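Since the structure is predicted, the reported quantities are computational estimates derived from the model, not experimental observations.
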Amino acid sequence: MSQELKAITINEKTETTFKERLWVIIPVVLLVGLIATLVYNHHAEFSWDGFIAGFNQEFLIFFCIGVFAQLVDGTLGMGYGATSTSFLLAYGIPPAISSTGVHVAEMFTTGASAISHHRFGNINKKLVRHLLIPGVLGSIAGAYLLSDVIDGDAIKPFIAVYMIALAIIIIRKAMQKNIIKKKTKRLNILASFGGFMDAIGGGGWGPIVTSTLLGRGRNPRYTIGSVNAAEFAVAFASGVTFMLFGGIQGWQVIIGLILGGVIAAPIAAILVNRIKRKPMMILVGVLIIVLSLKTLSKLL
């Protein structure tokens, strides 16, 4: 009898270990597959001389943008797309190249971020499962519509106003001594909307999903880690969709953002454990307001 119990225990441990490893194996396999596909389809566009020449002052700037954007996104749970796109446009990179570069780079940086947050125990797996599939479906729909049907700039003012309202709620709750946790209903709708708007607006998964969850009193550490983990699948789905419809441009931008983001991801995952709840929520709120006001100022 004891041997049977021991065998069952060993099997359960093996199954648990395998499930834990899947959180790392799946992102790694997808990223390796993506790299192989990109190399196979675009190897003719590269040369050794061009590769060496690409490591110049501009590359260093794109690398620094990638580091900063990932530190913001990894510690606050939002802002990678908005931060990196804003810097690239300010530097003079054309919008089409900026958008492509950010979406393709996010496929790698969010993968590194998901693995890092899992390594440091920042993930609520149940929350990730609730966000994953609806977020992916929303991002695919948004990427397809942006590629073929609608103009994403037309709906940016409405999203900016929505995010400012959420930011005010988050800051107000951060000022309260006791935040009462409320159950977040209809997570699938929230994730679908976040994924959809992220693909259309070039950012929004974190501001929409993370802001709403923090505003309901959820723990910042697990909320940010879980939303970042789900964002990998969302970014991957939208990135593949954009590549299928629009191709890839701006390799120097993409590689700079990827390297900077991948290096910064584990640092951000460590920092999210060391930042207290109140200042983190205030920073999240202020960041959303600043980015949203900047978006509105460009459109008005």
Side-chain angles (χ1 to χ4, degrees), residues 22-46 62 66 69-70 73 78 80-82 84-85 88 93-115 128-129 131-152 188 191-206 208-209 227-262 265:
L22 281 178
W23 287 86
V24 175
I25 292 172
I26 291 175
V28 170
V29 170
L30 288 174
L31 291 177
V32 170
L34 174 63
I35 293 172
T37 302
L38 293 176
V39 170
Y40 178 78
N41 290 332
H42 300 277
H43 67 277
E45 300 174 21
F46 294 95
F62 302 144
Q70 185 58 42
D73 188 77
M78 64 190 71
Y80 181 88
S84 53
T85 300
L88 289 173
I93 303 300
I97 295 179
S98 297
S99 180
T100 302
V102 169
H103 278 96
V104 174
E106 274 192 310
M107 297 166 75
F108 292 89
T109 58
T110 53
S113 182
I115 293 171
V128 174
R129 286 194 292 268
L131 298 174
L132 200 64
I133 295 177
V136 166
L137 294 177
S139 68
I140 292 174
Y144 170 73
L145 289 175
L146 183 60
S147 300
D148 260 12
V149 182
I150 62 176
D151 180 7
N188 56 338
S192 298
F193 181 66
F196 182 81
M197 300 315 303
D198 183 79
I200 286 181
W205 171 258
I208 291 172
V209 179
V227 173
N228 267 263
E231 188 179 14
F232 167 66
V234 172
F236 203 93
S238 60
V240 169
T241 305
F242 277 115
M243 284 194 293
L244 289 174
F245 286 96
I248 299 178
Q249 303 178 63
W251 284 105
Q252 193 181 36
V253 174
I254 293 171
I255 294 174
L257 292 178
I258 289 173
L259 291 179
V262 169

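- The CD1 atom of I258 sits 11.0 Å away from the CD atom of E106 when rounded to the nearest 0.5 Å.
- Scored by the side-chain contact (heavy atoms from CB on, under 4.5 Å) test, V234 finds S139, W205 as partners (sequence neighbours excluded).
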Stepwise side-chain contact (heavy atoms from CB on, under 4.5 Å) check, I115 with F232
CA-CA 10 Å; I115 293 171; F232 167 66; over 6 Å; no
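- Shown here for A237 and I140, the closest heavy-atom pair between the two residues is CB-CG1, 3.7 Å.
- Across all non-hydrogen atoms, the minimal contact from A235 to T110 is CB-OG1, 3.8 Å.
- Contact record, F62 with L88: CD2-CD2, 3.7 Å, taken as the closest heavy-atom pair.
- Two residues are said to be in side-chain contact when any heavy atoms from C-beta on lie closer than 4.5 Å; L259 and F108 fail this criterion.
- Put simply, the side chain of F196 reaches to within 4.5 Å of the side chain of L145, judged on heavy atoms.
- For the pair Y80 and V102, the minimum side-chain heavy-atom distance is below 4.5 Å.
- Expressed to the nearest 0.5 Å, how far CG of L132 lies from CG of L137 amounts to 9.5 Å.
- S113 contributes no side-chain N or O that, together with a main-chain N or O of T109, makes up a donor-acceptor pair within less than 3.5 Å.
- For L257 against A105, the heavy-atom pair with the smallest separation is CB-CB, 3.6 Å.
- In terms of heavy-atom proximity, V128 sits nearest to A229 at CG2-CB, 4.1 Å.
- Rounding to the nearest 0.5 angstrom, the gap separating the CZ atom in F193 from the CG atom in D198 is 11.5 Å.
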